[in-house]
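Report on one structure; see the data block that follows.
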2 protein chains.
Amino acid sequence: MSKEVNKKITIKDVAKEAGVSISTVSNALNNVNVLHPDTKERILEVARRLNYTPNLNGRNLKAQATGVIGLFLGAIRGPYYGELSDSIYSACIDGGYELEIFLSSDPSHIVANILGHRVDGAIILNSAIGKRQEEILRSQGIPTVYIDRILVDDKSSSVVFDSKSGGEQAAKFLLELGHKSFMYIEGEDDNYDSIERRKGFFEALKRAGIEIDKDYILKGAFERQRSYNSVTDFLDSGKPLPDAVFAANDLSAIGVLEALRDGGVKVPEQVSVMGCDDIETTRLVSPSVTTIRTFFEKQGALAVEQLIRMINGEPGELVTLKGRIIPRDSTIAKDL
Amino acid sequence: MSKEVNKKITIKDVAKEAGVSISTVSNALNNVNVLHPDTKERILEVARRLNYTPNLNGRNLKAQATGVIGLFLGAIRGPYYGELSDSIYSACIDGGYELEIFLSSDPSHIVANILGHRVDGAIILNSAIGKRQEEILRSQGIPTVYIDRILVDDKSSSVVFDSKSGGEQAAKFLLELGHKSFMYIEGEDDNYDSIERRKGFFEALKRAGIEIDKDYILKGAFERQRSYNSVTDFLDSGKPLPDAVFAANDLSAIGVLEALRDGGVKVPEQVSVMGCDDIETTRLVSPSVTTIRTFFEKQGALAVEQLIRMINGEPGELVTLKGRIIPRDSTIAKDL
DNA sequence: TAGGGGGGTTAAAACGTTTTTATCCCCCTA
DNA sequence: TAGGGGGATAAAAACGTTTTAACCCCCCTA
């Protein structure tokens, strides 16, 4: 069980084999049009034959720009991150950049990777990042796009779903269906979207003269199981049902649906339920879930666009996406 | 719009600020216990104050081993890759390695990244990789784990779900429920799992004296919509319904469910349906879908384990995971 | 024939680390 | 007092690139 030493092919090997200097090889590979066509062709042939692949550490060490964009996530599982990552990837390629994805929930580790890899820019979707890390990135002038918080300056952009307006839309939609009493299932504590959705929802209801009692604000943590439990506890308490439930995201709404079904409550006949995000599963469960599409594929493309703008020297911006209500079977007009 | 030059803090800056040489700084940072405690403390303080972060390109250029494992995927979206990636990440951390994820469907680009980043090992889940790339990796002695194909040698391991046995399990389960006539929804063409699942399913049925007619083998391509369309076309043809449908994966099974529902066929009363993989959605739809759990979280951990074994000089292995039937509401015993 | 010019190639420096080897200085001992 | 030893620090080489500046030849022109 010995760690084998595997000699990798370097530019030096190619040079020796082709009988030229390493600068000549470099020129041949990088298409600097200064070489004799025959020399160039010979070198390329040798490189191909030896399966030469440039050591990117060497290249990036020398280069002032690496051509790499880094995406920093806390985790990938779930219905959200995969789509987002794929769309970010496409946008990077279209923009002429490479993408590298780093998973981590340790803030200083994340910063070490951003700085250490000398990425040209970073896209961050990670609630673990704190003030101190933001400050370091700013002070070192790394172009950064945040997707789950708002922070805008010369080198920082934010691309966020307008969650407050989402909450307002939900309230408006449910009010127009004639509902009068409501329940809200909260998202994760301290989460930007969670806070804003609640704010928008509550303010819109207030404008319509409606307040929500504390007992009708339940914990959901953006999770299905957590929401299921909260609603089940509520049903056990015997309090009167609300006309409608707005959950901070779709997973949560699906948990609500299950809890109501298991509790013998008919949706949408007795209670209307709606979520937010429009993940695929909302279409597959029955009843299908009314929700707000947040276009998170688009968020990826916009994030990359912002990042490339900043890499090119332009200042950061705040980009906001509005949602759109997708009516499905879990909501129905209240018959009076 | 000028590309700004951002001078990054290097070890040299720290050395100058602390009034020592760069070797001393390096020693301080890497905990080589040879420095005077005061010097060390002073240097660490300066490094912290300047937000110094080592340039990994420099470090990796020098090092013979980078401590990095690379995960190479064609895409992340969907219910599968996210979970897998997360579990690979955890296993890497536990094993003392960093993980970097690269998205790409261009085979030579993938090889360029594996070799170019000098990762200590690679995990590949990408059907785009071909013989030529496998050969290059082998010839350069890069420890590699394949998750969607079988290739085993000194530096290559494979960690795959035993799809053939999965197909057999499905057949056995449905036969025991008393079903006599079957439909199979195929996965993606040329895909390892698709081929094996079919083989296992068909062979087990054959042993029971049952053959499936060509008209009852439908295209599904592992996709929900594609499967929906195929089944809908089948219903339109007016041919007699089978007792049970086995779909090559869960997404496909869900598409079948929808098509049957929309075609007025009751599941499981008229037709039993089962899938494979046990993605979360199978629990959420109604009826919930009977399926075979493939433990793809475990696959990640096993892949990393194999990789680390090979990095330490041991030869590759074939690791096979057996599935387990998860009975749910979409299957029922045939009443005779 | 001397000088200039230019096409083709190479030498050398630089990027930021780590690591091996050298240096320095002080104290101890003979 | 000379020499040795050892603790602390520094110098220098090396990793694999890219790039700038230099070089070498040959041909052309004056």
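Protein chains get the first letters and strands the later ones, always in sequence-line order, with residue 1 at the start of each. Because the structure is predicted, anything quoted here is derived from the model rather than measured.
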Original post:
Listed in order of residue number, which residues of residues 40-56 of chain B have a non-hydrogen atom at under 4.0 Å from DNA chain D?
Top reply: none

Are OP1 or OP2 of [N] and a side-chain N or O of [X] less than 4.0 angstrom apart?
X        : N       : answer
Thr24(A) : dT10(C) : yes
Arg59(B) : dT18(C) : yes
Asn30(A) : dT18(D) : yes
Thr39(A) : dT9(C)  : yes

Rounded to whole Å, please give me the gap between [atom1] in [X] and [atom2] in [N].
X         : N       : atom1 : atom2 : value
Leu115(A) : dG16(C) : CG    : C1'   : 14 Å
Gln64(B)  : dG16(D) : CD    : C1'   : 15 Å
Asn60(A)  : dT17(D) : CG    : P     : 12 Å
Asn57(B)  : dC15(D) : CG    : P     : 17 Å
Asn27(B)  : dT17(C) : CG    : P     : 14 Å
Ile9(A)   : dT17(D) : CD1   : P     : 10 Å
Lys12(A)  : dC15(D) : NZ    : C1'   : 8 Å
Arg118(A) : dC15(C) : CZ    : C1'   : 10 Å

Original post:
What pairs with Ser21(B) under side chain to side chain contact (heavy atoms under 4.5 Å, CB included), at least two apart in sequence or on another chain?
Top reply: Ser23(B), Thr24(B)

**OP:** For Thr320(A), enumerate each residue passing the side chain to side chain contact (heavy atoms under 4.5 Å, CB included) test, keeping only those at least two apart in sequence or located in another chain.
**Re:** Val160(A), Asp162(A), Leu318(A)

Original post:
How about Tyr80(A) and Phe296(A): are their ring centres within less than 6.0 Å of each other?
Top reply: yes

All N/O pairs under 3.5 Å across the protein-nucleotides 5-7 of chain C interface:
none

Subject >> Degree of bending, the helix from dT1(C)-dA30(D) to dA30(C)-dT1(D) (end axes from five pairs; round to 10°) >> reply: 80°

Subject >> Inter- and intrachain pairs under ring pair (Phe, Tyr, Trp, His ring centres under 6.0 Å), touching residues 102-147 of chain A, at least two apart >> reply: Phe72(A)-Phe102(A), Phe102(A)-His117(A)

Polar pairs (N or O, both sides) under 3.5 Å between protein and nucleotides 11-13 of chain D?
| residue | atom | partner | partner atom | Å |
| --- | --- | --- | --- | --- |
| dA11(D) | N7 | Ser23(B) | OG | 3.0 |
| dA11(D) | N6 | Ser23(B) | OG | 3.2 |

Can you sort out the partners of [X] under salt bridge (Lys or Arg N to Asp or Glu O under 4.0 Å), two or more places apart, ordered by chain and number?
X         : answer
Asp189(A) : Lys219(A)
Asp13(A)  : none
Arg132(B) : none

Show which side-chain atoms of residues 54-63 of chain B pair as donor or acceptor with protein atoms under 3.5 Å away, not counting sequence neighbours.
| residue | atom | partner | partner atom | Å |
| --- | --- | --- | --- | --- |
| Asn55(B) | OD1 | Asn57(B) | N | 2.7 |
| Asn55(B) | OD1 | Asn57(B) | ND2 | 3.4 |
| Asn55(B) | OD1 | Gly58(B) | N | 3.4 |
| Asn60(B) | ND2 | Leu56(B) | O | 3.3 |

Original post:
CG of Asp190(B): more than 12 outside heavy atoms within 6.0 angstrom?
Top reply: no

Original post:
What closest approach, in Å, do Ile142(B) and Lys8(A) show between heavy atoms, and which atom pair accounts for it?
Top reply: CD1-CE, 3.6 Å

Original post:
Got a salt bridge between Glu45(A) and Arg48(A), using NZ or NE/NH1/NH2 to carboxylate O under 4.0 Å?
Top reply: no

Original post:
side chain to side chain donor-acceptor pair (under 3.5 Å) with Glu317(B): which residues, sequence neighbours excluded?
Top reply: Gln306(B), Arg309(B)

Original post:
Taking the nucleotide of DNA chain D with the closest heavy atom to each, which residue, Leu61(A) or Gly19(B), is nearer the 5' end?
Top reply: Gly19(B)

